[in-house]
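Worksheet: the structure to be examined is printed underneath.
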Protein chains: 2
Amino acid sequence: MRPSQALRLWQQVLLSQVREGAPDLTMRQTAILLTIYLDPPPHTVRGLAARLNVTKPVITRALDTMGALKLVSRHRDELDKRNVLIRRTVEGALFVERFGDGIVARAHELPI
Amino acid sequence: MRPSQALRLWQQVLLSQVREGAPDLTMRQTAILLTIYLDPPPHTVRGLAARLNVTKPVITRALDTMGALKLVSRHRDELDKRNVLIRRTVEGALFVERFGDGIVARAHELPI
DNA sequence: GCAAATTGTTTCGCTTCCGTTTCAGTCTGC
DNA sequence: GCAGACTGAAACGGAAGCGAAACAATTTGC
C-alpha cells in the first residue's frame, strides 16, 4: 500500500461515515472504542489512559459520551471496588463490526 | 484485507496519532482535511458541505479550527467575491503526508 | 487500626462544537 | 437599476471537550 492509496482509503471511509450520519467521534474516542473492542479485557480507566498516553479524565469523559451512545458500558469491579471495568455492548459491537466492513468495502472500491 | 485486520490497522494508526499528541480532530474535520488535500481544487464552503452532506456552518467552524492549527487557509475568490476558496498550507501538507506514511507504516507492522 | 497509596470522578474556568436562524456582501436576470 | 438568489459568516442557547487540581471511595502496608 502506498501513502496516496492509504490516504484515499481513509478519506473514503470517513466520508461514508460522515455522510451516513454516524456519531462524530473524535480521534481519541475512536481510539478508545477500538481498543476496548480489539484488545483483550479487562479494560480499566487507568489502563486505557496509559495505553493512549492521556489523562484519566479524558477517558472518563469519553466513556460518558460513548456510554450515552450505548457503545460501551461501565461496571464497578466487585473484587477491587476502586476499579471500573469497561465492557462491550451489543450496539458497540455492531458499530465496530460495520465500521470494519466499511473499511474493507472502501478498499475494494479503490482504483488500483 | 479482512475486517479484523482493517480494524486493527485503524486502531494502531489512531493510537499512534493520539500518543504522539497530534491535534484531536473529529471525524468530520479529518474528512474535510483529507478532501481538501486529495480532491482537486477549488474547494468552497458550499462544495465541501455538499460533499460531506453537512450544513455550511459545520464547514465554517471546522475551517476556523483547522485554520488556527494552520492546516488550511481561506482566501476570498476574486472572480466571485461571494466565494471563499480553501487552500492547502505547507503545514497541512506535511501533516497529511506524515499521516499517510503512518498508515503505511502501521500496515507493515501488522501480523499477517 | 490507620496513614499512605490507588482508582475513578468531579470541579473549575475556558474553548470548541452543535443545529438553527439571521445577517452582510455579492452576483444575476430582467 | 433593482428585486431576488446565493455564499459564507455570525448570533444564539446548549452540549461537550480540555488540563489541572481537588475529591471520595477503596485498598494496602505496617
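Since the structure is predicted, the reported quantities are computational estimates derived from the model, not experimental observations. Throughout, a chain's letter reflects where its sequence line sits, starting with A, and its residues are numbered from 1.
- Not a single donor-acceptor contact under 3.5 angstrom links the side-chain atoms of Lys81(B) to the base of dG25(C).
- Nearer the 5' end of DNA chain C, as judged by each residue's closest nucleotide, is the contact made by Arg46(A), out of Thr55(B) and Arg46(A).
- Lys56(B) places its NZ atom 5 Å from the C1' atom of dT7(D), with the value rounded to the nearest Å.
- Residues Arg51(A) and Arg19(B) have side chains in contact (heavy-atom distance under 4.5 Å, counting atoms from C-beta outward).
- Atom-to-atom, CG of Leu48(A) to P of dG8(C) comes out at 9 Å; the value is rounded to the nearest Å.
- Neither OP1 nor OP2 of dT16(C) sits under 4.0 Å from any side-chain N or O of Gln29(B).
- In this structure, Arg74(A) and Asp64(A) have side chains that are in contact, with non-hydrogen atoms separated by less than 4.5 Å.
- When each of Ile59(B) and Val58(A) is assigned the nucleotide of DNA chain D with its nearest heavy atom, Ile59(B) is the one assigned upstream, toward the 5' end.
- In this structure, Arg82(B) does not reach the dA9(D) phosphate: none of its side-chain N or O atoms is under 4.0 Å from OP1 or OP2.
- Atom pair Leu69(A):CG and dA15(D):P shows a separation of 15 Å (rounding to whole Å applied).
- Side-chain N/O atoms of Arg61(B) and base N/O atoms of dG19(C) include a donor-acceptor pair closer than 3.5 Å.
- For the OP1/OP2 pair of dA9(D) and a distance below 4.0 Å, the side-chain nitrogens and oxygens of Arg74(B) include at least one atom meeting the criterion.
- Proximity note for Val45(B) (side chain, C-beta onward) versus dG8(D), dC17(C), dT21(C): the nearest is dG8(D).
- For the pair Asp24(B) CG and dC17(C) P, the computed distance is 10 Å after rounding to whole Å.
- Between Gln11(A) and Arg8(A), the side chains place a donor N or O and an acceptor N or O closer than 3.5 Å (distance only, hydrogens not considered).
- Looking at heavy-atom distances under 4.0 Å, Thr26(B) makes no contact with the nucleic acid at all.
- Straight-line distance from the CG atom of Leu52(B) to the C1' atom of dC18(C): 16 Å, rounded to whole Å.
- Leu25(B) comes within 4.0 angstrom of no nucleic acid atom, judged by non-hydrogen atoms across all strands.
- The nearest whole Å value for the distance from the CZ atom in Arg76(B) to the C1' atom in dG25(C) is 8 Å.
- Proximity of Arg28(B) to the phosphate of dC18(C): a side-chain N or O atom is located under 4.0 Å from OP1 or OP2.
- In this structure, Gln17(A) CD and Arg98(A) CZ are separated by 8.5 Å, a value rounded to the nearest 0.5 Å.
- Separating the CE atom of Met66(B) from the P atom of dT16(C) is a distance of 14 Å, rounded to the nearest angstrom.
- Residue Thr60(A) has a polar side-chain atom (N or O) positioned under 4.0 Å from OP1 or OP2 of dT9(C).
- Within the 3.5 Å criterion, the main-chain N or O of Ile36(B) finds a donor-acceptor partner in the side chain of Arg88(B).
- Following rounding to the nearest Å, Asn83(A) (CG) and dA24(D) (P) show an atom-to-atom distance of 20 Å.
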